[in-house]
Structures are given as C-alpha cells and as structure tokens.
Asker: 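To start, I am sharing the structure in question, which I have written as structure tokens.
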Amino acid sequence: MNDVQPKATIVIFGATGDLAKRKLFPSIYKLYQKGKLSQQFAVVGVARRPHTDESFRHYVKETIEEATKQELMDNQFISHFYYHSLDATNTKSYEQLNELLTRVEEQFHIPGNRIFYLAMAPEFFGTITSHLKSEGLTATNGWTRLVIEKPFGHDLQSAQKLNEEIRQSFSEEQIFRIDHYLGKEMVQNIEVIRFANAIFEPLWNNRFIANIQITSSETLGVEDRGRYYDHSGALRDMVQNHMLQMVALLAMEPPIKLTTDDIRSEKVKVLRALRPMTHDDVDKYFVRGQYGRGIVRGQQVVGYREEHSVDPHSNTETFVAGKLMIDNFRWAGVPFYIRTGKRMTEKSTKIVVQFKDVPMNLYYRTSEYVHPNLLVIHIQPDEGITLHLNAKKSGESMKTTPIKLDYCNNCIDGINTPEAYEKLLYDCMRGDATNFTHWDEVAASWSFVDPISEVWENTKAVDFPNYEAGSMGPKKADELLQKDGFHWWSLNGTM
Ligand SMILES: NC(=O)C1=CN([C@@H]2O[C@H](COP(=O)(O)OP(=O)(O)OC[C@H]3O[C@@H](n4cnc5c(N)ncnc54)[C@H](OP(=O)(O)O)[C@@H]3O)[C@@H](O)[C@H]2O)C=CC1
Ligand SMILES: O=C1O[C@H](COP(=O)(O)O)[C@@H](O)[C@H](O)[C@H]1O
C-alpha cells in the first residue's frame, strides 16, 4: 500500500467500450504524467473487435487526445499498451491472453501484479472471473485484483448470486467494487470536514441538525444508454449506490482509525440502521418522476419515452426523491432528504446540512423570517464549502443579515483536482480499498431499495411524464419536505 509507483499490468475487459474511452485511458495517462506510474506498467485491452497492438495504440492515443484536448507527444507511454481480441465466453482465448500477459510482464519487469478491470456488461462478470481462475491467469507471483463496475446486480437476490460467482475466484480483499462518487474530491472531504473540525462534530446529531439534503441533478438525458437505463431507472442507477454512499459518509460514527475496515464497518452500520420501507410506506417517503419534453440549457429536448431504445410506454423513473430515517441514537428524528434525476435544471451535486434554529431569537420579530445556519458541501461542478451564518447588518442598529463564509476547493487546486477514476485506479494499484464498496454495503443498500422498486414495478405511474425537462422534478418532491415544514434549498448559490 505504500508503493507510490505501483508496478502492475492493468487488463481492461471492454477496452473498446465507452467507459474505457472516456474514463479509463485518460485516467491512466494522467497518472503517468504525474509520475504515479513507474516504467514497470502495462495496459492490455481486451474485447471482441479485431485490433493489432498498433491499431489499438492509435485508438487509445486518439481517445486520450480527445479527452485531454492535447496532442499526446509521449510515444513511450503508448508503447505500454497491448491488445488481445477475445470473446469473454471462449475458454481457449484466455490461455492466449495469459501468454500475452506473461510476455508483457517480462518485457516491463512487472512482478506478476495484475488488475482485471471488468468494464463490461454485468452478465459477463461470472464467466470472466471463473475463466481467469480456471485458465491460471490469477496464479501469479504477485498480487491479483478485480475491479467490478456497476451495476452490481439488479436487486439483492441477483447481487448475491453475482457475488457468489465472483467469490469462487477472488476473495473479498481482492475485489474492488467501483462507486465513482467515492473517488470525488469533495465526497472524500466529508469525513475530513466532520472529523477534523471541532466546531462540527459536537453539533453533528439530532440535537442540532434539523435535516440533511442531498441533491444530485443532471441535465443530460439517457443519451445512448436507453436499453440499460430503461431496465434500471434512477433508483437503481443512482440511489442504491452513489446517494446511499453519501448518506453513509454523512451519518456514520467516527471510525476508530482511518483504516479501510474501520471506515467500511461504520458505513455498513448506517445502511443497516436505515428505517426499512414497507410497501405501504413507499408512497409516503418516496416520489418518482419521469421527464417529458422541455427546454434544457436553451435547447428543446424530447421526453424520456421518446428516447432511443426506451419503451414508448415506459414506467421507468428518471427522478427519485426520498426521505430517509436513520433509526439510531445520533439520528433519530432527523430526515435525510435525497433527490436525483436526469434532465433537470442544472448539473450539480450538493449536500445541505440545515441546523436547528437557536432556542430564542433575539434579533427578529416573530413575523420576520429566521435564517437557519446551513453548511453546504459543494461536490460538483464547483467544489467547496459554504457556511451560512447571521451577522449584524452594517450601520443599522442590531439588525441581522445572512452572510456566507465560502471556501472554493477547485478555485485553488482547480486543474490539479484529479478525476474520480484516476484516484480510484491509483488506490486499487496501491491496494487501498477504502473508497470501494464492501459486499456488506452493497447488500444493505439493496435491502433498503428493493421494497421501493417492487412497489414501483408493480404499479403503473399514471401521471408519467410528471416533470418537464429542465425543471427540478415533480411537485410532489417539494411536498415531501413541505409536509415536515422544510423546503429544498436552491442549488444556485442564492440561498
Ligand atoms: N459508460 C459509462 O459512463 C459507465 C459505464 N458503467 C458500466 O461499465 C460497464 C461498461 O460500460 P460501457 O463501456 O458503457 O459499455 P459499452 O457497451 O460501451 O462497452 C462494452 C464493451 O464490452 C465489449 N464486449 C461486449 N461483449 C463482449 C464479449 N462477448 N466478449 C468480449 N468483449 C465484449 C465490447 O467490445 P466488442 O464489441 O469489441 O466486443 C465493449 O468493449 C457496464 O457495466 C456499465 O454499466 C458504469 C458507470 C458509467
Ligand atoms: O453512475 C452513474 O453516474 C452518472 C452521474 O455521474 P456524475 O459523476 O456525472 O455525477 C449518471 O449519469 C449515470 O446515469 C450513472 O450510471
């Protein structure tokens, strides 16, 4: 774990796909540029499409140039890339892949360390992992690790089955389940804000916090992922993983130490303490939405049901809002509101912690609005923290005015803030699994989400589409908070 320049071969299954192109190759290049890879590394791309090493290198070079908007001058870097054409279901070609890996390891003096990155559809995960073991690709002199992309199952049962298949070939310590939100700078900052500041931790409980809101809104629609998304929906695509992971980080107890196991074990406790949804509760605590036509950033866009590869009568939700209760000592009575959706007003992920009002406000008359203190954690696109306080209005006798203390992380680190995939790949190479999800977290998240999807799948949403593209979702999502005397804090910084 202390190896700052890990020596390893990264084998990417699905190397001709979208994820490899947009995220993985550019991230590997950035790690190389920053000196985080030694010369003892190689990348072996695997997919069915025919490629020579040369044509693959050309393809990788182009994708990196497109992503970084720079000409890639360093031919040395690209010479570490190889390609093997393989159908994941064909046993014979794994032997040939193993031969190629051994040759590449000899050439670059890599001590048998291998990362198998499955950037492919989940139906292949079991087949690939069993072949990796049966054909001897995991039997090396070094370490072997498996990186698994989401979705990890469709529900608890399918996730369990998938996990059992994978565990036939890899131990839990070797499995790195990616949740790219855990690689985001400000998501990682949640722990630091909470546990390194004496002013927050004592207040971080139901005596001082009124509610916590997490919004992750997107302007994009489903793009070319309609086939996947129409069988998934926002609940499985965003809530089961990213949103619940952020809830867990916000709500967990301080870990005994900052080790992978200690942090994960605290997160699991939160996920297990989520108040389970009975089928009758779902309508009370959760709101689903689907976008219709509308205008997003000045452009007219089609409704979800008109998107490519989407059922024209689809019942799939593209928006979810929910109220989560954590039934433990610290959080009893504090609602955690979450909201995520496609084709919303803006691309933004923010966490707002709303503190309770002071017991008696001396500076306002009863008819005047009291501004609560808010701590806003800006996850993206801006990265930072804003603390909303009240201060004296200049000149006027003892009148107050809301003020903001702002810290902008990417104003300072800006260009150097690493992309989530870059950080997570590097963590995996160093054997640090802290920012990957343990099976227990995955299982607890599915257990929470499953009753909601069961209800939604079995009842037609008669009001779909129920929000206009370019809006902040259906009205019912606002009512969810209004019932509790709260409202969503706006995302555009004017609050
Ligand atoms: N794209 C994204 O932004 C994200 C993707 N993911 C997940 O990552 C995974 C990959 O997604 P994405 O890159 O978008 O998918 P793509 O459909 O773009 O790529 C799929 C890849 O799998 C290869 N492939 C398909 N069938 C076989 C086979 N039988 N044998 C060998 N290779 C095969 C394809 O290559 P070929 O046709 O040449 O065989 C291609 O390289 C999925 O699990 C997805 O859910 C997760 C988060 C974000
Ligand atoms: O995992 C996913 O995340 C993206 C949103 O990620 P972000 O880093 O851009 O916020 C989402 O668009 C996609 O549907 C989902 O699969």
Asker: Is the Lys NZ or Arg CZ of Arg22 less than 6.0 Å from the centre of Tyr421's six-membered ring, within 45° of the axis?
Answerer: no
Asker: Could you measure the distance from the CD1 atom of Ile115 to the SG atom of Cys428? Nearest 0.5 Å is fine.
Answerer: 4.0 Å
Asker: Could Glu201 and Arg194 be called an ion pair, given the rule that one side-chain N must be under 4.0 Å from one carboxylate O?
Answerer: yes
Asker: Indicate whether any N or O donor in one side chain lies under 3.5 Å from an N or O acceptor in the other, for Gln245 and Lys267.
Answerer: yes
Asker: What about the rings of Phe336 and Trp331, do their centers lie closer together than 6.0 Å?
Answerer: yes
Asker: What I want to find out is whether Asp281 reaches Arg275 closely enough, with some N-O distance under 4.0 Å, to be called a salt bridge.
Answerer: no
Asker: Using the side-chain contact (heavy atoms from CB on, under 4.5 Å) definition, which of the options Tyr304, Trp456, Tyr291, Phe286 pairs with Glu317?
Answerer: Trp456
Asker: Relative to each other, are the rings of His242 and Tyr181 parallel, tilted or perpendicular (30° and 60° limits)?
Answerer: parallel
Asker: Quick check: are there more than 12 heavy atoms from other residues, nucleotides or ligands sitting under 6.0 Å from NZ of Lys476?
Answerer: no
Asker: Side chains of Ser265 and Asp262: do they bring a donor and an acceptor to under 3.5 Å?
Answerer: no
Asker: Given 3.5 Å as the limit, does a donor-acceptor pair link the side chain of Arg343 with the main chain of Thr219, or not?
Answerer: yes
Asker: Return the orientation label for the Tyr32 and Tyr29 ring planes: parallel under 30°, perpendicular over 60°, tilted otherwise.
Answerer: parallel
Asker: Using a strict threshold of under 4.0 Å (side-chain N to carboxylate O), is an ion pair present between Lys323 and Asp484?
Answerer: yes
Asker: Please determine, by modelled atom types, if Thr349 and Ser216 share a side-chain donor-acceptor pair under 3.5 angstrom.
Answerer: yes
Asker: Do you see a donor-acceptor pair shorter than 3.5 Å between the side chains of Asn163 and Arg177?
Answerer: yes
Asker: Report, as yes or no, whether the 6.0 Å neighbourhood of atom NZ on Lys257 holds more than 12 heavy atoms from other residues, nucleotides or ligands.
Answerer: no
Asker: If we check side-chain contact (heavy atoms from CB on, under 4.5 Å) with Lys423, which of these qualifies: Gln188, Lys30, His180?
Answerer: Gln188
Asker: Between Arg430 and Asp427, does at least one N-O distance fall below 4.0 Å, as a salt bridge requires?
Answerer: yes
Asker: What residues, two or more places apart in sequence or in another chain, satisfy side-chain hydrogen bond (donor to acceptor under 3.5 Å, both in side chains) together with Ser38?
Answerer: none
Asker: Run the side chain to side chain donor-acceptor pair (under 3.5 Å) check on Thr9 and Arg114 step by step: do they pass?
Answerer: CA-CA 5 Å; Thr9 306; Arg114 295 178 180 177; 5.8 Å; no
